[in-house]
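Scroll down for the structure; my scribbles are underneath it.
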Amino acid sequence: MTTRTVSFDLWVSYGQAYLVDDTDDNPGYATFADDHPDHPVGIIRVEDGAAILLTGTHTGTLDFSATVADHDPGADTDGYEDVVEISFRSEAGRVSLCEWGGERVHDLPELSSGPGWYRLRYHAVNMDEESEAEDRYLLQIWPQPESIPRVVKSTSAQLAYWCSAG
């Protein structure tokens, strides 16, 4: 079993960062896709090989970690207040995390199964604090057939707001 984790400072503006599939035609950002109408997860939305990840901090630098695994690494429900999951299809088998406005691109470990369906599990803590460096995030990625989005754990007012905002 292979699991690789990278951690870095992530600059966000407008509370946004983008996970993008490393294809030649991907512009490096994501549009604000509609949430799933029956199973909203609010703080992560996927459309056309990209995902938008929402944060509690409007503008600033955050602690961000990403784990790429060949199996479900398990949700960290003790260390994070909000945990949501959604399916993501990679055409390239490689993804990057892009800062708002293309400031910087953070390469993530190569996806374990190459092109195909993956599960994204997005963890957040202290999203309601509204202060830089208070909130932190973990994104887990592993191969899994497409399935419905789900909220694993919901504590913050931010997640409740984004789930109701559609």
Side-chain angles (χ1 to χ4, degrees), residues 3 5-21 27-69 72-89 95-106 108 117-142 144 146-166:
T3 302
T5 301
V6 294
S7 298
F8 46 86
D9 292 335
L10 178 70
W11 171 260
V12 296
S13 190
Y14 298 98
Q16 300 174 20
Y18 314 99
L19 179 76
V20 295
D21 196 36
Y29 61 88
T31 58
F32 203 87
D34 290 335
D35 210 346
H36 192 284
D38 299 322
H39 305 281
V41 292
I43 58 175
I44 185 170
R45 307 205 181 164
V46 173
E47 186 172 289
D48 298 329
I52 186 169
L53 292 83
L54 303 178
T55 68
T57 295
H58 181 278
T59 304
T61 302
L62 310 170
D63 291 332
F64 197 95
S65 296
T67 297
V68 176
D72 181 347
D76 183 354
T77 55
D78 292 333
Y80 292 87
E81 297 170 337
D82 299 306
V83 182
V84 299
E85 296 180 0
I86 197 164
S87 294
F88 176 85
R89 181 163 175 74
V95 292
S96 301
L97 197 66
C98 299
E99 296 180 352
W100 192 88
E103 289 293 319
R104 288 188 352 203
V105 175
H106 302 274
L108 301 186
W117 282 104
Y118 287 84
R119 192 67 166 177
L120 306 179
R121 183 182 291 133
Y122 188 41
H123 299 70
V125 68
N126 294 330
M127 284 187 72
D128 291 339
E129 297 300 318
E130 296 184 25
S131 174
E132 181 178 331
E134 292 291 328
D135 48 338
R136 63 184 166 81
Y137 301 86
L138 167 65
L139 179 66
Q140 296 172 320
I141 307 170
W142 71 96
Q144 180 178 307
E146 184 179 19
S147 57
I148 61 169
R150 75 181 188 114
V151 174
V152 176
K153 181 179 179 183
S154 176
T155 303
S156 74
Q158 285 278 338
L159 178 57
Y161 168 80
W162 285 112
C163 282
S164 67

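One is the number of the first residue; the rest follow in order along the sequence. Scope of the values below: all heavy atoms of this structure, side chains included, with no hydrogens, waters or symmetry mates.
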Does Val84 form a side-chain contact (heavy atoms from CB on, under 4.5 Å) with Val152? I'd like the steps, not just the answer.
CA-CA 5 Å; Val84 299; Val152 176; over 6 Å; no
Please test Trp100 against Val12 for side-chain contact (heavy atoms from CB on, under 4.5 Å), starting from the C-alpha separation and ending with a verdict.
CA-CA 6 Å; Trp100 192 88; Val12 296; 5.7 Å; no
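Atoms CE and CH2, from Met127 and Trp162 in turn, are 9.0 Å apart once rounded to the nearest 0.5 Å. Note that OG1 of Thr3 and CG of Asp72 are 10.0 Å apart. Values are rounded to the nearest 0.5 Å. Atoms OH and OG1, on Tyr14 and Thr59 in that order, are 7.0 Å from each other to the nearest 0.5 Å. To the nearest 0.5 Å, the span separating OG1 on Thr61 from CH2 on Trp11 amounts to 5.5 Å. In this structure, the separation between CD1 on Ile43 and CD on Gln158 is 9.0 Å, given to the nearest 0.5 Å. Of the inter-residue distances, the one linking Arg121 atom CZ with Ile44 atom CD1 reads 11.5 Å to the nearest 0.5 angstrom.
In this structure, the side chains of Leu97 and Leu53 come closer than 4.5 Å at one or more pairs of heavy atoms. Within the 4.5 Å cutoff, no side-chain heavy atoms of Val83 are placed close to those of Asp76. A heavy-atom distance below 4.5 Å is not found between the side chains of Phe88 and Ile141. Contact annotation: the side chain of Leu10 approaches that of His106 to within less than 4.5 Å [non-hydrogen atoms, C-beta and beyond]. Using a 4.5 Å heavy-atom threshold, the side chains of Asn126 and Arg136 count as separate. For the pair Leu54/Gln16, a side-chain contact is recorded, criterion being any heavy-atom separation below 4.5 Å from C-beta on.
Residue Gly56 comes nearest to Asp135 through the heavy atom pair N-OD2, 3.3 Å, listed as atom of the first residue, atom of the second, then distance. Across Ala157 and Asp128, no two heavy atoms sit closer than the pair N-OD2, 2.8 Å. The heavy-atom pair separating His123 from Ala75 by the smallest distance is NE2-CA, 3.7 Å. When all heavy atoms of Ala50 and Val20 are compared, the pair lying nearest together is CB-CG1, 4.2 Å. When all heavy atoms of Leu108 and Ala66 are compared, the closest pair comes out as CD2-CB, 3.8 Å. Between Arg45 and Ile86, the shortest heavy-atom distance links the atoms CA-CD1, 4.5 Å.
Side-chain atoms of Gln140 and Trp142 include no donor-acceptor pair closer than 3.5 Å. Judged by distance alone, the side chains of Ser156 and Asp82 do bring a donor and an acceptor atom under 3.5 Å apart.
For Ser87, the side-chain hydrogen bond (donor to acceptor under 3.5 Å, both in side chains) partners are Arg119, not counting sequence neighbours.
Taking the six-membered ring where the residue is Trp, Tyr137 and Phe64 present parallel rings, their angle staying beneath 30° rather than reaching 60°.
Judged purely by atom type and a 3.5 angstrom limit, Ser96 has no side-chain atom pairing as donor or acceptor with the backbone of Cys98.
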